[in-house]
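We count ligands from 1, going down the list as the structure has it; atoms in each ligand are counted the same way.
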Amino acid sequence: MNAEEEMPVTVGGRPAFPDGLPLVRPSVPDPEALAEDLRAILESRVLTNGPFVSELERRAAEYLGVRHCIAVASCTAGLMLALRAAGLAGDAVVPSFTFAATAHAAAWNGLRPVFADIDRETLTLDPDAVRSAATDRTAGVIATHTYGTPCDVEGLERVAADLGVPLIFDAAHAFGSRHGDVPVGRFGTAEVFSLSPTKVLVAMEGGIVATDDDDLAERCRIGRDYGNPGNYDFAFVGLNARMSEIHAATALRSLDSLDERVERRNVLAQQYRDALSDIPGISFPAVPEDDRSTFKDFAILVDREGFGADAASLGRALAATGIDTRRYYSPPVHRVAAYRGQGPGPDLPVTDRAAERALALPMWSEMTDDQPAAVAEAVRDVRSSVVDAAAS
Ligand SMILES: *Cc1c(COP(=O)(O)O)cnc(C)c1O
């Protein structure tokens with residue numbers, strides 16, 4: 001760490017948000033409506049794997065335009081099941097610029113995560129980097145729609161087809177994202193969504209595996225129930241990864257207003273961009289034209305030379321004004337204790353550079369119109385104070 005990084009960044013005057021501005025406020029359904037569902041569930045005595053789960057699976061499949069949706073306890077469990085159901089053994093090529101669960105799901109299946117670099121514009125897995133990282137041990141590819149930005153799905157599908165291996169998407173952020181007119185959920189061998197509180201579609205906790213592959217879907221269904229095909233002759237080593245009825249009821253209510261929330265987040269993201277784009281040293285990860293992101297996160301990229309401070313310093317300075325931020329994703333997964341190993345590790349210059357610069361700003365669907373501009377003003381104040389400090 002050099003002196004510049006240790007330099008504390010302070011902003012004079014009152015905190016911009018004395019009551020605090022959180023990174024995320026989960027969207028929740030109307031309590032009265034959910035109470036009705038809860039009453040129906042309790043009266044039926046069907047608490048899990050019942051009609052609400054079936055209805056969620058039907059509605060999600062209809063929304064995405066896929067043959068099968070399997071509701072599960074979490075995205076992590078869904079990824080574990082999808083990889084298990086695909087019967088992979090060997091290495092899985094994964095991004096490092098993602099949440100650790102992407103790699104964990106591979107590791108829990110005894111697959112060795114092999115980290116590959118990302119595209120410098122979109123920060124999603126780079127198909128050429130996958131090709132370079134692949135060996136004859138490569139059994140599958142897992143790619144993350146980072147922040148809700150659709151991956152280069154065609155490029156990744158081409159590489160996976162050339163390698164002859166399944167392509168699984170960690171679509172944790174992306175229920176509601178679209179590549180052109182096509183909903184994320186229809187790409188690769190399977191796509192796995194998260195419905196946990198920080199995501200845009202919320203079940204309290206939950207996940208959904210989406211696939212057009214009949215066999216894979218059936219194995220995921222059996223797998224979420226311990227591997228029990230129904231006759232207790234357990235077909236393979238499964239999990240308990242079921243979703244409960246109350247979680248499914250919550251998700252159904254959340255799905256009703258999903259598109260409104262995604263639209264709202266796109267408006268907020270544009271407001272952020274408009275308010276931040278003329279600040280030197282601030283730029284944004286790209287969302288391909290014609291694609292729609294959920295903006296599960298709104299991240300900026302902070303260039304230390306241009307801005308005068310790095311992303312970590314800016315995060316600390318914003319915290320002092322009450323604004324919550326997160327370094328998604330720093331450290332990148334190949335540098336965390338579980339994966340960093342002994343050696344120098346893989347060479348992932350684009351990932352390392354993104355990890356150094358990325359900072360997620362507050363983003364939730366019920367943010368008010370003045371909040372992105374107020375956050376941008378606080379960012380501008382930080383920049384002024386470091387420029388003034390440097391000049392004096
Ligand atoms: C949140 C998240 C997960 C894990 O989702 P859970 O439903 O909490 O298991 C996996 N991958 C990414 C990229 C995530 O952000």
Using heavy atoms and a strict 4.0 Å limit, residues surrounding ligand 1 turn out to be S74, C75, T76, T98, F99, A101, T144, D170, A172, H173, S194, S196, K199, G206, Y329
Residue list, side-chain contact (heavy atoms from CB on, under 4.5 Å) with A376, at least two apart or on another chain:
A275, L276
For F307, all residues meeting ring pair (Phe, Tyr, Trp, His ring centres under 6.0 Å), sequence neighbours excluded
none
Compare all side-chain heavy atoms of L64 with those of C69 and state whether any distance is below 4.5 angstrom.
yes
Any side-chain donor near an acceptor of the partner, S293 and R265, under 3.5 Å
no
Apply salt bridge (Lys or Arg N to Asp or Glu O under 4.0 Å) to D303 and list each qualifying residue two or more places apart in sequence or on a separate chain.
none
Distance-only polar pair, side chains of H68 and E218, donor-acceptor under 3.5 Å:
no
